[in-house]
Amino acid sequence: MPKNKGKGGKNRRRGKNENEATKRELVFKEDGQEYAQVIKMLGNGRLEAMCFDGTRRLCHIRGKLRKKVWINAGDIILIGLRDYQDAKADVIQKYNVDESMNLKQYGELPENLKLDVQPDNAGDDDIRFQIGDADGDSDSDFEDNRDGVIAPQRQLKGLDEMTDSEDSLDGI
């Protein structure tokens with residue numbers, strides 16, 4: 001058996017994000033390329049993007065970016081247009097928030113573009129729910145069981161009326 005003399009394989013490198021600290025040069029679009037904003041992730045290395053030329057395209061994430069750069073909905077990307085398929089494109093690069101703001105300042109991106117600085121679920125920790133009616137009876141209608149299941153203690157309104165009307169129909 002050969003001895004392992006290194007410091008680990010690809011699983012050791014997977015935990016490090018070495019690209020975050022380095023500042024890279026801003027890449028502008030060329031002929032055959034377009035800026036786009038990700039609408040929806042479709043899976044299998046594909047996504048749906050709204051290009052800034054007004055076209056919605058199905059994009060394919062190339063292999064170099066597939067497991068190294070994580071793309072989410074709302075991100076700004078650079079895509080390469082296909083000559084033979086106008087509705088499909090290939091993702092060339094993902095821009096981070098700072099690069100997106102720089103592109104907007106240079107006039108490459110539209111002014112009405114909304115850049116998401118915070119994630120969508122940033123304020124979800126403060127949501128509280130109340131159990132009860134609109135009258136203010138918070139816990140009077142429900143009782144906790146030992147299983148943690150909440151069971152209603154009174155009947156639904158109108159249920160008695162429904163059974164009375166069914167009884168009256170039986171006599172007809």
Side-chain angles (χ1 to χ4, degrees), residues 2-134 138-139 142 147-150:
K3 284 190 175 180
N4 293 331
K5 295 184 180 182
K7 299 204 177 193
K10 67 179 178 182
N11 288 334
R12 181 178 180 275
R13 288 190 304 265
R14 192 171 281 174
K16 296 180 183 178
N17 194 357
E18 299 167 358
N19 296 336
E20 192 68 31
T22 60
K23 188 137 185 141
R24 59 184 182 188
E25 186 177 333
L26 191 60
V27 177
F28 294 104
K29 72 174 182 177
E30 298 173 0
D31 290 337
Q33 296 177 349
E34 187 64 45
Y35 299 113
Q37 188 169 20
V38 178
I39 297 172
K40 185 183 352 177
M41 296 301 295
L42 301 174
N44 199 20
R46 295 177 303 138
L47 57 92
E48 188 174 347
M50 185 66 181
C51 299
F52 294 129
D53 62 355
T55 309
R56 194 176 219 156
R57 290 187 171 96
L58 178 70
C59 300
H60 178 263
I61 303 172
R62 65 189 191 138
K64 185 177 179 182
L65 300 176
R66 186 173 264 183
K67 290 189 179 177
K68 307 229 184 317
V69 179
W70 293 102
I71 299 175
N72 299 314
D75 288 343
I76 305 297
I77 56 175
L78 179 67
I79 61 171
L81 303 175
R82 295 182 180 178
D83 296 334
Y84 51 93
Q85 291 175 319
D86 192 43
K88 293 186 180 180
D90 300 304
V91 177
I92 296 173
Q93 184 176 2
K94 175 196 166 191
Y95 294 107
N96 59 27
V97 177
D98 295 334
E99 292 171 337
S100 300
M101 288 186 182
N102 287 341
L103 284 172
K104 193 172 181 181
Q105 287 175 354
Y106 288 134
E108 295 286 322
L109 300 180
E111 289 297 322
N112 59 0
L113 176 68
K114 181 183 172 191
L115 297 174
D116 294 331
V117 178
Q118 295 180 346
D120 293 340
N121 58 359
D124 287 349
D125 297 337
D126 298 335
I127 298 174
R128 292 188 177 88
F129 295 97
Q130 284 186 330
I131 299 174
D133 295 340
S138 59
D139 290 330
F142 295 92
D147 299 334
V149 178
I150 298 175

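Side chains are part of it too, since the values below use all heavy atoms of this structure and drop only hydrogens, waters and symmetry mates.
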- I would like to know whether Arg57 and Leu81 meet side-chain contact (heavy atoms from CB on, under 4.5 Å); could you show each step before the answer? CA-CA 9 Å; Arg57 290 187 171 96; Leu81 303 175; 3.5 Å; yes
- Under the side-chain contact (heavy atoms from CB on, under 4.5 Å) criterion, do Leu78 and Gln33 qualify, and how do the steps go? CA-CA 7 Å; Leu78 179 67; Gln33 296 177 349; 3.7 Å; yes
- Does the side-chain contact (heavy atoms from CB on, under 4.5 Å) test come out yes or no for Phe52 and Ile76, once each step is laid out? CA-CA 10 Å; Phe52 294 129; Ile76 305 297; 4.1 Å; yes
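Taking every heavy atom of both residues into account, Glu99 and Lys94 meet most closely at OE1-O, 4.1 Å. The shortest non-hydrogen separation linking Asn44 to Arg66 is O-NH2, 3.6 Å. The nearest pair of heavy atoms linking Ile61 to Met41 is CD1-CE, 4.1 Å. Contact detail for Ala36 and Ile79: the closest heavy-atom pair is CB-CD1, 4.3 Å.
Here the CD atom belonging to Gln93 is positioned 4.5 Å from the CZ atom belonging to Arg24, to the nearest 0.5 angstrom. For the atom pair NZ (Lys23) and CD (Glu25), the distance works out to 12.0 Å, reported to the nearest 0.5 Å. In this structure, CZ in Arg46 is found 11.0 Å from SG in Cys59, a value given to the nearest 0.5 Å. Residue Leu58 holds its CG atom at 9.0 Å from CD of Gln85, rounded to the nearest 0.5 Å.
The aromatic rings of Phe28 and Tyr106 stand perpendicular to each other, their planes meeting at an angle above 60°, with 30° marking the opposite boundary.
Using a cut-off of 4.0 Å between Lys/Arg side-chain N and Asp/Glu carboxylate O, Glu34 and Lys29 are scored as salt-bridged.
Side chain of Tyr95 to backbone of Leu26: no donor-acceptor contact under 3.5 angstrom is found. Asp53 places a side-chain N or O within donor-acceptor distance of the main-chain N or O of Thr55, the cut-off being under 3.5 Å.
When side chains are defined from C-beta on, Ile77 counts as touching Leu47, because their heavy atoms get closer than 4.5 Å. Side-chain contact between Val91 and Val69 is absent, with no heavy-atom pair separated by less than 4.5 Å. Counting only heavy atoms from C-beta outward, the side chains of Leu113 and Gln37 approach each other to under 4.5 Å.
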